[in-house]
Amino acid sequence: MSAQIIDGTRLATEMRTEIAAQVADLKANRNITPGLGVILVGNDPASLSYVTAKERACAAAGMLSREIRLPEETTQNDLLNCVEQMNQDPLIHGILVQLPLPRHIDEKAVINAISPAKDVDGFTPVNVGRMLIDEPCFLPCTPHGIIQMLIRAGVETSGKHAVVIGRSNIVGKPVAHLLMRKARGGNATVTVCHTGTPDLAHHTRQADIVIAAAGRPNTLTGDMLKPGAVVIDVGVNRIPDTSRKSGFRLAGDAQFESVSQVASMVTPVPGGVGPMTITMLLHNTLESCLRTCATTLP
Ligand code: NAD
């Protein structure tokens, strides 16, 4: 079997066009522009490139983006003040604090300081809790992007067995919840595997859908799959490659060559989950702006 590629770039473009149309409509009819506030601390090159991609996507969708860039040695208090400034800013509907933060800063304290009403990453305890009890909330971008991909690629999840590899707060746990909840793109039977799982292949071989979010290349190989399974590869791993100017290439958690021989559908890396994650950030920022309009405008 040669798997069909789920083109995340194409699906993301499709969604971004829909978002841009809604942004244009808001501007024309309500004179309001959705705004994203981005806070970046330090000079980590990967974080810088993620932030740049998010800001570009914002601009392309017609949204406002406002960036605060702080030096590595910024104190936690100064950072908390910046977050509070954005909490109070009526032009900012969504706040993104790029992670990871420098070691001397308590990440949880910073996330907790973001107003849940502007938490477009869906990381605050309030939004996580609301998600778990199916109340209105901002869904975390990567898991939500994965569900949107499955829906838009025509993958049936209801009644299927999904295996999630990884139990992190930002990918594994929330995507497991979204896959199991009784909603479109959910209603699956979900197994969550992690570093404490003795025989990963035993579980993945029973899966109709595998979500690989381990952060390790070659975690999933073709012999670990049931023929026809759908594979969503979340991993982003930098593999040293001297033939490239950057000195590295990106690879997912799935061994693409063998997996694509057994799976029916697979997402590439790059060009799979990544573009969908950014798109869902735009979606949440627009959603936040719409909620503001609903509460403040006649
Ligand atoms: P993490 O390190 O916080 O969590 C990894 C999880 O995988 C852990 O829960 C661990 O128990 C599990 N794990 C690791 N090795 C395993 C193995 N051999 N077998 C079973 N389980 C194993 O990572 P994360 O933040 O969840 O991210 C996972 C990957 O997804 C990373 O490569 C990250 O860069 C990528 N990511 C991509 C996007 C995107 O938008 N494309 C967004 C977030 C994360």
Side-chain angles (χ1 to χ4, degrees), residues 8 12 36 38-42 44 46-51 53-54 57 79 83 94-103 105-116 118-133 137-150 162-181 185-186 190 192-196 210-217 219-220 232-238 250 252-254 267 269-270 272-285 287-288:
L36 177 71
V38 178
I39 303 178
L40 175 64
V41 187
D44 176 56
S47 292
L48 189 59
S49 84
Y50 290 142
V51 161
K54 288 165 187 172
L79 177 55
V83 171
I95 300 172
L96 167 93
V97 179
Q98 184 63 44
L99 303 177
L101 291 169
R103 280 179 173 202
I105 295 177
D106 176 359
E107 235 165 61
K108 278 189 185 163
V110 175
I111 289 171
N112 288 352
I114 298 171
S115 160
K118 296 190 178 186
D119 170 30
V120 286
D121 259 336
F123 287 167
T124 59
V126 169
N127 274 308
V128 175
R130 284 185 184 153
M131 175 184 71
L132 285 177
I133 55 172
C137 64
F138 292 116
L139 295 177
C141 299
T142 301
H144 193 193
I146 292 167
I147 301 298
Q148 284 300 316
M149 267 186 128
L150 290 168
V163 169
V164 177
I165 310 175
R167 57 178 160 188
S168 72
N169 288 337
I170 65 166
V171 189
K173 281 184 210 160
V175 82
H177 172 73
L178 297 183
L179 283 164
M180 84 167 95
R181 73 180 176 155
V190 182
V192 180
C193 300
H194 43 75
T195 44
V210 180
I211 313 289
R216 292 183 194 191
T219 301
L220 186 71
I232 305 292
D233 191 351
V234 190
V236 180
N237 304 295
R238 290 180 175 222
L250 293 182
D253 289 350
T267 60
V269 177
V273 174
M276 290 301 287
T277 296
I278 297 181
T279 304
M280 300 326 290
L281 181 73
L282 302 181
H283 167 90
N284 282 351
T285 305
E287 183 67 31
S288 176

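Atoms considered below: every heavy atom in the structure, side chains included; atoms not considered: hydrogens, waters and symmetry mates.
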| message | Could you tell me if the side chain of Met131 sits less than 4.5 Å from the side chain of Pro174, heavy atoms only? | response | yes

| field | Leu220 CG to Ile165 CD1 distance, which is reported to the nearest 0.5 Å | value | 5.0 Å

For residues 96-103, which side-chain N or O atoms pair as donor and acceptor with protein atoms under 3.5 Å away, sequence neighbours left out?
from: Gln98; atom 1: OE1; to: Lys54; atom 2: NZ; distance (Å): 2.9

| task | Calculate, to the nearest 0.5 Å, the distance between atoms CE and OG1 belonging to Met149 and Thr277 respectively. | result | 9.0 Å

| Residues in side chain to side chain donor-acceptor pair (under 3.5 Å) contact with Asn127, at least two apart in sequence or another chain | Asp119, Thr124

| Do Ile95 and Ser115 have side-chain heavy atoms sitting under 4.5 Å apart? | no

| From Asp121 CG over to Ile114 CD1, what is the distance, rounded to the nearest 0.5 angstrom? | 7.0 Å

| said: Donor-acceptor pair, distance only, cut-off 3.5 Å: does the side chain of Thr279 make one with the backbone of Pro275? | reply: yes

| OG1 on Thr142 to CD1 on Ile278, rounded to 0.5 Å | 9.5 Å

| request: Mind checking the CZ-NE2 spacing from Phe138 to His283? Nearest 0.5 Å is all I need. | output: 9.0 Å

| If you take all heavy atoms of Ala213 and Val171, which pair is closest and at what distance? | CB-CG1, 3.6 Å

| request: Working to the nearest 0.5 Å, report the span between CG of Leu179 and CD1 of Ile211. | output: 5.0 Å

| task | Start with the C-alpha gap between Leu48 and Leu40, add the side-chain angles, then the distance that decides, and say whether side chain to side chain contact (heavy atoms under 4.5 Å, CB included) holds. | result | CA-CA 8 Å; Leu48 189 59; Leu40 175 64; 3.5 Å; yes

| Any side-chain heavy-atom pair from Ile232 and Val273 closer than 4.5 angstrom? | yes

